[in-house]
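First the structure, in the form of structure tokens, and then the observations on it.
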Amino acid sequence: PTGWTGRLEDNVTDLLGLCQPVPTDLARINEPPVGGNPNVVTHEDQNIVYFVARRDIMPGEELFMDYGPLYDRSHYQNSL
């Protein structure tokens, strides 16, 4: 969800501004390319989900996590 400038804003709202702003934090973590390794994992504790780096992440490095077995990958090219 990018803004008018093409930049991913910290929060997005609907065009009319009727809804509460929604954080875009999770839009910053993608699934790695086929054969790639995730560098972020999740840990759950009751109703809280923690996102944890599996290793040191360099500034500017993209964040990757496995979206899980139920994620629809049918639109991927060369999908497994």
- Task: Can you spot which of Asn39, Val40, Asn37 makes a side chain to side chain contact (heavy atoms under 4.5 Å, CB included) with Arg55?
- Result: Asn39

- Query: Is Met65 reachable from Tyr71 through a run of hydrophobic residues whose side-chain heavy atoms are each under 4.5 Å from the next?
  - Reply: yes

- Would you mind reporting whether Glu31 and Asp66 have side-chain heavy atoms less than 4.5 Å apart? yes

- Item | pair Arg28-Asp10: side-chain heavy atoms closer than 4.5 Å | yes

- Query: Would Ile29 and Phe64 show up in the same hydrophobic cluster when neighbours are defined by side-chain heavy atoms closer than 4.5 Å?
  - Reply: no

- Could you check Val41, Asp45, Thr42 and say which one makes a side chain to side chain contact (heavy atoms under 4.5 Å, CB included) with Tyr50? Asp45

- Note on the structure: Looking only at heavy atoms, the pair that brings Pro32 and Pro38 closest together is CG-N, 4.1 Å

- Other cluster members, Leu70 - Ile/Leu/Val/Met/Phe/Trp/Tyr, side-chain contacts below 4.5 Å: none

- Item | Least distance between heavy atoms, Asp56 atom then Glu61 atom | O-OE1, 4.4 Å

